[in-house]
Amino acid sequence: MDDLIERALSQVEESFIASSGPGGQNVNKVATAVQLRLNVFALRLSPPVFNRLKNLAGNRMTSKGEIILTARNYRTQEANREDARTRLTQLLEEARKEPKKRAKSRVNRVGKEKRIKAKKNRGEVKANRGKVSRRDW
């Protein structure tokens, strides 16, 4: 495990909440769902990584810069806790990956002509779909 993920997992605040889902009557009695909170500003991420993380987290990130993950897929606290930590790790790793630059495609003259011809054909087909009048007979 690398430094960023270790720092993030050490700064995580966990709380256990009542869960819906699998577990029968047990879910009414035991708080098995896990809610992880991580203050992203405390991680001191570089601006590009922070922006990617913000986009990936979406509505799981609050305006105060906290990422909140809730795990309630399993019947036990331990399994849910592990699931939440794994999801957080994946989120951070995904944010650190720099997206590949898109190379502009170049279309040659023949390709351009072919595309324009196809567009003209399609436009003709659509133009001929109108109502039929008496003089068209």
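Residue numbers count from 1 along this sequence.
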Item to check | side-chain contact (heavy atoms from CB on, under 4.5 Å) involving Glu14 - partner list, sequence neighbours excluded | outcome: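 Counting only residues at least two positions away or on another chain, Glu14 forms a side-chain contact (heavy atoms from CB on, under 4.5 Å) with Val12, Phe16, Leu36, Arg81, Arg85.
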
Checklist entry - Residues two or more places apart in sequence or in another chain: which of them pass side-chain contact (heavy atoms from CB on, under 4.5 Å) with Ser46? => result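 Listed in chain order: Pro48, Val49.
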
Checklist entry - What pairs of residues pass the ring pair (Phe, Tyr, Trp, His ring centres under 6.0 Å) test when at least one of them lies in residues 103-126, not counting sequence neighbours? => result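 Sorted pair list comes back empty.
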
Checklist entry - Which pairs pass ring pair (Phe, Tyr, Trp, His ring centres under 6.0 Å) with one or both residues in residues 49-70, sequence neighbours excluded? => result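 Only Phe41-Phe50 qualify under ring pair (Phe, Tyr, Trp, His ring centres under 6.0 Å).
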
Checklist entry - Roughly how far, to the nearest 0.5 Å, is CG of Leu53 from CD of Glu94? => result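 Glu94 atom CD to Leu53 atom CG measures 10.5 Å (nearest 0.5 Å).
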
Listed by chain and number, what are the salt bridge (Lys or Arg N to Asp or Glu O under 4.0 Å) partners of [X], not counting sequence neighbours?
| X | result |
| --- | --- |
| Glu82 | none |
| Lys101 | none |
| Arg60 | none |

Checklist entry - Under the salt bridge (charged side-chain N to carboxylate O under 4.0 Å, His left out) rule, what pairs show up with a residue in residues 37-58, not counting sequence neighbours? => result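 Counting only pairs at least two positions apart or across chains, the salt bridge (charged side-chain N to carboxylate O under 4.0 Å, His left out) contacts touching residues 37-58 are Arg37-Glu66.
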
Checklist entry - Can you pull the salt bridge (charged side-chain N to carboxylate O under 4.0 Å, His left out) pairs that have at least one residue in residues 117-130, sequence neighbours excluded? => result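 Matches after skipping sequence neighbours: none remain.
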
Next on the checklist: Glu93: which residues meet the side chain to side chain donor-acceptor pair (under 3.5 Å) condition with it, sequence neighbours left out?
Outcome noted: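 If we apply the side chain to side chain donor-acceptor pair (under 3.5 Å) test to Glu93, skipping adjacent residues, there are no hits.
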
Checklist entry - With Arg115, which residues qualify under side chain to side chain donor-acceptor pair (under 3.5 Å), at least two apart? => result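 Residues passing side chain to side chain donor-acceptor pair (under 3.5 Å) with Arg115: none at all.
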
Item to check | Under 3.5 Å donor-acceptor, Asn73 side chain and Asn80 backbone | outcome: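 No, because the side chain of Asn73 does not come within donor-acceptor range (under 3.5 Å) of the backbone of Asn80.
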
Quiz: residues 102-114 side-chain donor-acceptor pairs under 3.5 angstrom, not counting sequence neighbours:
unit_1 : atom_1 : unit_2 : atom_2 : d
Asn108 : OD1    : Gly111 : N      : 2.8
Arg109 : NH1    : Glu113 : OE2    : 3.2

